[in-house]
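Single-structure report; data block below.
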Amino acid sequence: MKLKKEIVLGNIDGENFAIATGGLSDKIHGLIRNNKTAAFIFELLQKEQTEDSIVNAMCQKYDAPEDVIRADVKSVLEQLENLGITE
C-alpha cells in the first residue's frame, strides 16, 4: 500500500500535515494534521509498504513494545483506508 499521488505532505513551523488535491479534494476538505508518529507513517507511505514494513521501521525509530506499535500502525492504516487515500 502507499498514499495516493493526490496526497501532498507538508510541514510548517513544526506542524505536520497532509492535503488532498485533485479528485480527492472533493472528498477530503482541509488539512489532515499529523502528530510525529502519523507523519512518520505518511512519509513511509510515499513508497509501497506493507503493514509489517511500517511496524519494523517504527520499532527501529521508537522505543516501544512491538505489540503497541503494531496496534497503532493498524489504527492509522485503517483510518487512511477509510478516508480512501491509500492504494
Side-chain angles (χ1 to χ4, degrees):
M1 83 190 74
K2 67 179 188 173
L3 289 176
K4 291 184 176 177
K5 64 182 177 184
E6 295 90 0
I7 299 297
V8 177
L9 304 181
N11 179 298
I12 297 176
D13 292 332
E15 294 290 326
N16 297 297
F17 60 88
I19 300 172
T21 64
L24 285 178
S25 63
D26 293 338
K27 298 176 184 179
I28 302 170
H29 305 284
L31 297 174
I32 300 170
R33 295 182 66 192
N34 293 322
N35 63 22
K36 289 181 182 181
T37 304
F40 184 65
I41 294 172
F42 270 68
E43 285 294 327
L44 291 171
L45 288 171
Q46 292 291 295
K47 296 182 180 178
E48 188 68 31
Q49 299 288 331
T50 64
E51 184 175 324
D52 285 338
S53 68
I54 295 169
V55 169
N56 290 336
M58 300 263 311
C59 285
Q60 290 177 7
K61 184 171 178 75
Y62 297 102
D63 183 26
E66 182 179 335
D67 60 326
V68 172
I69 289 174
R70 186 168 295 281
D72 289 346
V73 167
K74 185 175 184 76
S75 175
V76 170
L77 294 179
E78 285 175 354
Q79 290 176 42
L80 298 180
E81 186 177 329
N82 289 338
L83 289 171
I85 62 175
T86 55
E87 53 186 12

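Computed from a predicted model, the values in this text were never measured in an experiment.
Proximity of Asp52 to Arg70: side-chain heavy atoms (C-beta onward) are separated by under 4.5 Å at one or more points.
Atom CD of Glu43 is separated from atom CD of Gln49 by 11.0 Å, given to the nearest 0.5 angstrom. Rounded to the nearest 0.5 Å, atoms CG (Asn16) and CG (Asn11) are 4.5 Å apart. Taken from NZ in Lys74 to CD in Glu51, the straight-line distance is 5.5 Å, to the nearest 0.5 Å. Considering CD of Gln46 and NZ of Lys5, their distance stands at 13.5 Å, rounded to 0.5 Å.
Under the 4.5 angstrom side-chain criterion for Ile, Leu, Val, Met, Phe, Trp and Tyr, the cluster partners of Ile28 are Met1, Leu3, Ile7, Leu9, Leu24, Ile32, Phe40, Ile41, Phe42, Leu44, Leu45, Ile54, Val55, Met58, Tyr62, Ile69, Val73, Val76, Leu77, Leu80, Leu83, Ile85.
Considering every non-hydrogen atom in both Gly22 and Glu6, the closest pair reads CA-CG, 4.5 Å.
Without hydrogens or angle criteria, Lys4 side chain to Gly84 main chain gives a donor-acceptor distance under 3.5 Å.
In this structure, Glu87 places its CD atom where more than 12 heavy-atom neighbours from other residues, nucleotides or ligands lie under 6.0 Å away.
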